[in-house]
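First up is the structure itself, then whatever we jot down about it.
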Amino acid sequence: MNKPQARTTPLFAITTPLYYVNDVPHIGSAYTTMVADAIARFHRLQGHDVLMITGTDEHGQKIQRSAEAKGVPPQEHCDAIAATFDALWDQLNIQYDRFSRTTAAKHHPIVKDFFQRVWDNGDIYLSKQQGWYCVSCEEFKDERELLEGHYCPIHSNKQVEWRDEDNYFFRLSQYQDQLKALYQERPDFIQPESRRNEVLNFVEKGLQDFSISRVNLDWGFPIPNDPKHTIYVWFDALLGYITALLDPDDDPTLDNALKKWWPINIHLIGKDILRFHAIYWPAMLMSAGLTPPEIVFGHGFLTKDGRKMGKTTGNTIDPVALVSRYGSDAVRYYFLKEIEFGQDGDFNETRFINVLNADLANDLGNLLNRTLGMTKKYCQAQIPAVSASDIPEDNPLKALGVELRDRVTQAYHQLNFSHACTDIFTLIQTCNKYIDEQAPWSLYKEKQQKQVEIVLYSVLESVRLSAYLLSPVIPNLSNKIYQQLGFDLDFNNSSQINHPDLFQHHAQWGILAAGQPVKKPKPIFAKLDPPTATAST
RNA sequence: GGCUCUGUAGCUCAGGGGUUAGAGCAGGGGACUCAUAAGCCUCGUGUCGUGUGUUCAAAUCACACCAGAGCCA
């Protein structure tokens, strides 16, 4: 019955950070999550067995104090904030498989199990921690990095607090050589390369043990056998990735959590939390006898109108307002296409509108619209009776179309979404040019019906393929295109699209079936008005 | 203070010792009409941050400086 079966379907697990619930989601969290969703969707499209994890990190002093300030119990505060994340993911059409909360009941036994393993390995000891502590960072700071008057350099309105307390420490210093070996053996472990260099530099200078417990703090898990101490929020938060791997009806044990999905393939993070994921985390895992994840990718930060975002300056983007106003596909497309993934990127509303109008409304939307219009007039609203083999190899659309799958697959796998989109839009732009050159309206008047059909077929097929390959980024628009082309396929329904055979078929150029009735052309993306002077996001 | 990265057309960025420096967007002009006034064609003499060097030759290398960003637990 329980014979091990050879697995033929590739497994793919990806995480966003578990976002800290001290405040409602900001645009940076939305960005990471959109990217993770697009990656997960592309793997599902290929028929892989995918687990996309997101969630919230809910312990720590900062949360405790935020709740106190609001006069509510910490759990109530966390529930309220976690719900705002979930609502935004829904709005952005994020298809996560697990929403991992560090206050979930099953998380505690996992943390205990893990702590025990590290403890048994002799990597935890009690010592003294003295220094300046920033509650907002939940980190000890070096005296010299503080601002005048003992203010935190990151939270410049918050004074750091002097702490002199017993803490449990993790023997990070023991893992310096193993970490270096890891970075050496797996050059792709930290991406992009600039981040890897940063980590290499840091480790080269020597690693010190770090404190993994706090005293005078209730909001968190107690250290086993010494409950005066509470486990440091980061130690507990990182383990949320493992808890997320449990199936809903699994007993919450480490073994159960690790049985299928470990090691995780990609941890997608912002560059601010690189150190925790690229150094602390693999060391903790090594100590517990686990394989480190495959890739930690630290992406860049977003700026608005070229300036750093910040609540104090009021220069922020509200993701909820942005999506409410423009829709999920528009927002997803802009961030994935216009920002070179890995580097910092800028949001500017005028550019946002220009790009969406040019690409989605004009180039793609209008292309479908004009071609369907002609299909209706010249071909009785049916896919023309042409087969791909009738179309000469030097047809510009066929030439691009037949190699598009491989190019785009490679781009997605390299997490180069900008290139993936650019490659697809090259085909779309070539379609528009091809129509103008061929002028099917003239061919029709000249009674060259066969040629009209070849032109329309190759354009319709190119639009279809583009929609298919863009579906991880703009699933709703891809749905509209597929529907108008006469398909009954929902890119938001993973049980429909998550089959390797489907990918083999639909990612090819030349599969449109002759005679398939197409729907009435209807604009898929309404042009956006230029921003008004008073408009704000 | 130390180290790293960035500075190229109005905007976002590619290029990276060797003919007249590129793309997309925005803007000007034109022909067409199937289409969401869309698409197509066409138009860019920009101190390639500043200065000094290396070289037959520098946006491309070196050094210094200026501006912005990041890392230095």
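Letters A, B, ... mirror the listed sequences (proteins, then strands); counts begin at 1.
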*Would you mind reading off the distance between Asp363(A) atom CG and G24(B) atom P, rounded to a whole angstrom?*
11 Å
_So if I take every side-chain heavy atom of Phe525(A) and compare against U36(B), U12(B), G70(B), which nucleotide ends up nearest?_
U36(B)
*Does one side chain, of Asn362(A) or Asn357(A), offer a donor that lies under 3.5 Å from an acceptor on the other?*
no
*Between the side chains of Tyr482(A) and Arg464(A), is a donor N or O closer than 3.5 angstrom to an acceptor N or O?*
yes
*asked:* A quick test of your reading: do over 12 heavy atoms of other residues, nucleotides or ligands sit less than 6.0 Å from CD of Gln414(A)?
replied: yes
_Span that lies between the P atom of G10(B) and that of C72(B), in whole angstrom_ = 37 Å
*Verify the distance criterion only: is there a donor paired with an acceptor across the side chains of Asp123(A) and Tyr175(A) at less than 3.5 Å?*
yes
*d(CD1, Ile339(A); P, C25(B)) in whole Å*: 18 Å
Could you go through nucleotides 26-34 of chain B and list every protein N or O atom that sits under 3.5 Å from one of its N or O atoms, giving the distance for each pair?
from   : atom 1 : to        : atom 2 : distance (Å)
C34(B) : O3'    : Lys377(A) : NZ     : 3.2
C34(B) : O2'    : Arg370(A) : O      : 3.3
C34(B) : O2     : Arg370(A) : NE     : 3.1
C34(B) : N3     : Arg370(A) : NE     : 3.3
C34(B) : N3     : Arg370(A) : NH2    : 2.6
C34(B) : N4     : Arg370(A) : NH2    : 3.0

*Compute whether any side-chain donor of one residue and acceptor of the other, for Asn432(A) and Arg370(A), lie under 3.5 angstrom apart.*
yes
*Expressed as a whole number of Å, how far does the C1' atom of A9(B) sit from that of C56(B)?*
30 Å
*Between U60(B) and U6(B) - C1' atom distance, rounded Å*: 16 Å
*Can you find a side-chain donor-acceptor pair between Glu446(A) and Gln448(A) that sits under 3.5 Å?*
yes
*Which nucleotide, in any strand shown, forms a Watson-Crick or G-U wobble pair with U54(B), with both distances under 3.5 Å?*
none
*Roughly how many Å is it from CG in Leu356(A) to P in C11(B), rounded to a whole number?*
21 Å
*Should Asp346(A) and Lys304(A) count as an ion pair when the cut-off is N to O under 4.0 Å?*
no
_For A26(B), the Watson-Crick or wobble partner whose two distances fall under 3.5 Å_ = none
*Ile273(A) CD1 to C71(B) C1', straight-line distance once rounded to whole Å*: 16 Å
*Just by modelled atom types, is the Phe417(A) backbone N or O under 3.5 Å from a matching donor or acceptor in the Lys337(A) side chain?*
no
*So what does Ile524(A) touch, heavy atoms closer than 4.0 Å: a base, only the sugar-phosphate, or nothing?*
base
*Mind checking Phe202(A) for me? I need base, sugar-phosphate or nothing, with any heavy atom below 4.0 Å counting as a touch.*
base
*asked:* Going by purine N1 to pyrimidine N3 plus the second Watson-Crick contact, or the G-U wobble pair, all under 3.5 Å, which nucleotide sits opposite G17(B)?
replied: none
*asked:* What's the gap between A59(B) and G22(B) when it is taken at their C1' atoms, as a whole Å value?
replied: 12 Å
*Any-strand Watson-Crick or G-U partner of G7(B), both distances under 3.5 Å*: C66(B)
*asked:* How many whole angstroms separate atom CG of Asn201(A) from atom P of C3(B)?
replied: 11 Å
_What's the gap between U50(B) and G24(B) when it is taken at their P atoms, as a whole Å value?_
26 Å
*In whole angstrom, what separates Lys271(A)'s NZ from C72(B)'s P?*
12 Å
_Whichever of Tyr280(A) and Lys433(A) has its nearest RNA chain B nucleotide further upstream toward 5'_ = Lys433(A)
*Check every atom of C40(B), C72(B), G70(B) against the side chain of Glu198(A) and return the nucleotide holding the closest atom.*
G70(B)
*Regarding Tyr19(A) and Asp57(A), is there a side-chain donor-to-acceptor distance under 3.5 Å anywhere?*
no
*Atom P, compared across G68(B) and U54(B): separation rounded to whole Å*: 32 Å
*asked:* Measuring only the C1' atom in each nucleotide, how far is U47(B) from U4(B)? A whole number of Å is fine.
replied: 28 Å
*Pick the C1' atom in A69(B) and in A62(B), then give their distance to the nearest Å.*
24 Å
*Whichever of Lys527(A) and Asn348(A) has its nearest RNA chain B nucleotide further upstream toward 5'*: Asn348(A)
_Partner lookup for U60(B), please. Criteria are Watson-Crick or G-U wobble with both distances under 3.5 angstrom; report none if nothing qualifies._
none
*Could you give the NZ-to-C1' distance, from Lys337(A) to C13(B), as a whole number of Å?*
11 Å
*Using a cut-off of strictly less than 4.0 Å, decide whether Arg195(A) has a side-chain nitrogen or oxygen near OP1 or OP2 of C71(B).*
no
*For Lys304(A) and C11(B), give me the distance from atom NZ to atom P, rounded to whole Å.*
19 Å
